[in-house]
Asks: 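Take this structure first; my questions come after.
Numbers for residues simply follow the sequence, beginning at 1.
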Amino acid sequence: MSEVTNVYKKLPDEVRAFFDRQYVDAYALLDASRHPKTGLYADGFMTFGDNPDFRCSIAATGVGLIGLSVADMEGWDDQAAEKALVTLKCVMGEVDGCKPARDDSTGFYAHFVDMETGENLHSEISTIDTSLLVAGALFAGNHFKETVPEIQERAYRLLREINWTVVIADKDQGVINMIVKEGVGTAPLACFNEYALVSYLALLGQPEHEGIRTLWYGNFAEDQLSTLPQVKYRDIPVLNDTNGNHQSYLSSFVHQFPFFLVPEYAKSPVYKEYLKNACTADRLKWKELDDVPSYVWGYGAGPNDGLHGGYHADQINNSPGDIASAYIVAGFLPVYPAGIHDLYALYKLHLPYDKYENKDDPEDEKKLRAAYQYGLHRYSWWHLELENRWYPTKITLIDWSSMLYGLTAFKRGMSFFAERLTEVDEISKTV
């Protein structure tokens with residue numbers, strides 16, 4: 001088991017109790033979203049409905065595999081290895097009755113598939129969602145390699161079954177295709193964004209391919225980070241996907257995912273500084289809003305059902321209704337550990353999800369406990385009071401992942417991630 005960090009050890013008793021409950025609940029939500037037979041994970045947890053939902057997200061399934069690794073390390077689930085193996089067998093089409101939809105010629109997966117059959121649910125063949133699945137598989141493979149080596153063997157096979165060359169749109173400019181149609185990459189997207197993970201996994205999968213090497217080493221490697229597009233918020237440089245001539249910002253999860261899932265970034269002081277800048281910009285922007293306390297912040301993505309329409313990736317200057325995402329605060333804990341006190345304040349003062357009572361309005365008590373049964377997630381500062389309270393109906397697992405990753409890093413350190421992420425030189429030894 002990984003050592004406990006000093007910052008965790010120094011938490012006041014009441015804050016540590018909150019942390020411990022939220023930490024285990026970060027995994028419990030994932031487990032509640034897992035199909036018991038196929039091992040696939042739902043796109044979202046339905047706070048007022050039946051779970052797991054019928055719609056699997058391939059990206060969420062990658063998150064689930066990382067969650068199983070955390071649960072095994074913490075001793076929360078003695079069947080974690082067995083579950084991880086079932087999940088990997090299913091995504092590779094080896095569970096009876098379930099064959100997740102893939103592009104025949106490249107091996108990339110459909111974004112959303114049926115939890116029981118694997119049928120494509122009218123979704124695109126997605127390079128980023130496939131990458132999030134493969135990242136989770138490799139993570140679990142490294143975690144369980146001593147106890148269940150078959151998990152790592154399958155993870156490596158999954159990585160190599162994919163033809164990563166189709167992700168290249170412009171290798172020199174770092175432009176990556178988001179979608180695969182009939183074996184051809186389409187929908188190019190310029191950097192910087194979470195697609196840095198796609199580039200890195202392409203390098204792992206086909207390390208000798210010249211175009212793939214140029215895509216990574218010429219654009220996303222650590223020594224290239226300072227050359228990536230940036231925009232300034234109050235003179236703070238923040239990575240983005242524009243040329244910096246207009247004030248466009250990325251949702252904060254975009255900065256977090258590569259930090260936790262790309263080994264070079266997880267260990268990079270340069271990327272950590274950019275992550276810290278993104279955190280500071282997020283926090284400062286929230287302070288511009290009237291009557292918002294300092295513990296309310298977090299520009300994340302997620303559903304706004306029942307309040308401001310559907311799913312939205314919130315960002316600075318583009319956040320309908322100013323919905324805050326608590327899991328974004330958690331995802332920034334490696335660079336802003338004081339954020340745990342912000343989460344505790346939100347819990348203590350407004351959303352005591354495991355202790356809330358309202359004897360005058362039992363329906364409110366029931367709804368709030370259901371909406372936040374696994375802890376803090378999306379909320380509206382202007383809709384926390386009883387007279388106009390918002391009860392979120394869905395938590396998307398890919399966005400919830402920042403809660404699990406951030407809390408894990410806070411307690412166990414970033415070494416937990418760095419030790420389980422796959423380096424290029426490691427993968428070459430297995431070829």
Side-chain angles (χ1 to χ4, degrees), residues 1-2 26-28 30-31 33-42 52 56-96 98-100 102 107-109 113 115 118 129-162 164 197 200-201 203-205 207 260-263 266 397-398 401 404-405 408 412 415-431:
M1 181 180 292
S2 301
Y27 169 70
L30 298 179
D31 196 48
S33 304
R34 179 182 183 273
H35 193 284
K37 177 185 176 183
T38 65
L40 298 178
Y41 286 78
C56 159
S57 160
I58 284 298
T61 300
V63 174
L65 288 166
I66 295 176
L68 289 168
S69 304
V70 175
D72 180 69
M73 182 269 296
E74 294 290 357
W76 296 333
D77 193 334
D78 58 9
Q79 295 182 313
E82 178 184 344
K83 289 179 177 179
L85 185 57
V86 169
T87 297
L88 272 174
K89 285 182 177 179
C90 184
V91 298
M92 300 179 80
E94 299 174 16
V95 169
D96 289 344
C98 186
K99 189 174 182 179
R102 306 175 71 173
F108 281 92
Y109 285 83
V113 300
M115 286 276 273
D129 294 285
T130 298
S131 296
L132 289 162
L133 168 66
V134 174
L138 292 171
F139 194 100
N142 287 329
H143 178 80
F144 293 109
K145 63 183 178 182
E146 300 297 334
T147 55
V148 188
E150 186 181 352
I151 295 174
Q152 187 175 64
E153 293 167 5
R154 289 177 179 276
Y156 284 159
R157 181 148 53 92
L158 175 62
L159 173 72
R160 293 175 182 134
E161 283 181 355
I162 296 169
W164 294 94
L197 174 64
Y200 185 76
L201 288 174
L203 183 67
L204 287 183
F260 290 110
L261 300 177
V262 176
L397 268 64
I398 188 59
S401 67
L404 177 72
Y405 301 164
T408 303
R412 300 298 179 179
S415 60
F416 177 81
F417 289 88
E419 292 167 0
R420 289 161 178 79
L421 297 172
T422 303
E423 303 273 7
V424 174
D425 59 348
E426 293 174 2
I427 204 78
S428 63
K429 297 174 184 177
T430 68
V431 176

Asks: Any donor-acceptor pair under 3.5 Å linking the side chain of Arg420 with the backbone of Asn142?
Replies: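 Side chain of Arg420 to backbone of Asn142, a donor-acceptor pair under 3.5 Å: no, none is there.
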
Asks: Can you measure from CG (Leu40) to OG (Ser33) and round to the nearest 0.5 angstrom?
Replies: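 One finds 12.5 Å between CG of Leu40 and OG of Ser33.
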
Asks: Give the minimum heavy-atom separation between Val91 and Tyr109, together with the two atoms involved.
Replies: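 The answer is O-OH, 2.5 Å.
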
Asks: Is it true that a side-chain atom of Trp164 and a backbone atom of Pro207 form a donor plus acceptor pair closer than 3.5 Å?
Replies: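 Here the side-chain-to-backbone pair does not exist.
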
Asks: Between Ser57 and Asp129, does a side-chain hydrogen bond (donor to acceptor under 3.5 Å, both in side chains) hold up when you go through it step by step?
Replies: CA-CA 8 Å; Ser57 160; Asp129 294 285; 4.8 Å; no

Asks: If I take atom NZ from residue Lys37 and atom CG from residue Asp96, how far apart are they, to the nearest 0.5 angstrom?
Replies: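 Result: 6.5 Å between the selected atoms.
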
Asks: Could you grab the distance from atom OG1 of Thr130 to atom CG of Leu158, nearest 0.5 Å is fine?
Replies: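 Here the interatomic distance stands at 9.0 Å.
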
Asks: Compare every heavy atom of Val148 with every heavy atom of Ala81, then report the nearest pair and how far apart it is.
Replies: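 Answer, listing the atom of Ala81 first, then Val148: CB-CG2, 3.7 Å.
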
Asks: Give the minimum heavy-atom separation between Lys83 and Asp77, together with the two atoms involved.
Replies: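 Looking at all heavy atoms of both residues, the shortest contact is NZ-OD2, 2.8 Å.
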
Asks: Please round to the nearest 0.5 Å and tell me the distance separating atom CG of Leu68 and atom CG of Asp31.
Replies: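 CG of Asp31 is found 7.5 Å from CG of Leu68.
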
Asks: Please report the shortest heavy-atom distance between Gly136 and Leu65, naming the atom on each side.
Replies: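 For Gly136 versus Leu65, the nearest heavy atoms are O-CB, 3.5 Å.
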
Asks: Is His35 close to Cys56 at the side-chain level, that is, under 4.5 Å between some pair of heavy atoms?
Replies: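 Answer no - side chains too far apart.
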
Asks: Show the numbers, then the answer: is there a side-chain contact (heavy atoms from CB on, under 4.5 Å) between Tyr405 and Val70?
Replies: CA-CA 9 Å; Tyr405 301 164; Val70 175; over 6 Å; no

Asks: Might you work through the side-chain contact (heavy atoms from CB on, under 4.5 Å) test for Leu261 and Tyr200, ending with a clear yes or no?
Replies: CA-CA 10 Å; Leu261 300 177; Tyr200 185 76; over 6 Å; no

Asks: Can Glu153 and Arg157 be said to form a side-chain contact (heavy atoms from CB on, under 4.5 Å), step by step?
Replies: CA-CA 6 Å; Glu153 293 167 5; Arg157 181 148 53 92; over 6 Å; no

Asks: Leu397 and Tyr41: side-chain contact (heavy atoms from CB on, under 4.5 Å), yes or no, with the steps?
Replies: CA-CA 8 Å; Leu397 268 64; Tyr41 286 78; 4.2 Å; yes

Asks: Show the nearest heavy-atom pair for residues Pro263 and Thr422, with the distance to one decimal.
Replies: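 Here Pro263 and Thr422 meet closest at CG-O, 3.5 Å.
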
Asks: If you measure from CD1 on Ile58 to CD1 on Ile398, what distance do you get to the nearest 0.5 Å?
Replies: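 Reported to 0.5 Å precision, the distance equals 11.5 Å.
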
Asks: Report the distance from atom CZ of Phe260 to atom OG1 of Thr408, rounding to the nearest 0.5 Å.
Replies: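 Atom-to-atom, Phe260:CZ and Thr408:OG1 are 8.5 Å apart.
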
Asks: Between Cys98 and Cys90, which heavy-atom pair has the shortest distance, and what is it?
Replies: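 The answer is SG-SG, 3.4 Å.
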
Asks: Looking at side-chain heavy atoms only, is the closest gap between Leu201 and Ile162 below 4.5 Å?
Replies: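 Leu201 does not reach Ile162 side chain to side chain.
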
Asks: Does Arg34 use its side chain to pair, donor to acceptor, with the backbone of Leu30 at less than 3.5 Å?
Replies: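 No, Arg34 side chain to Leu30 backbone: no donor-acceptor pair under 3.5 Å.
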
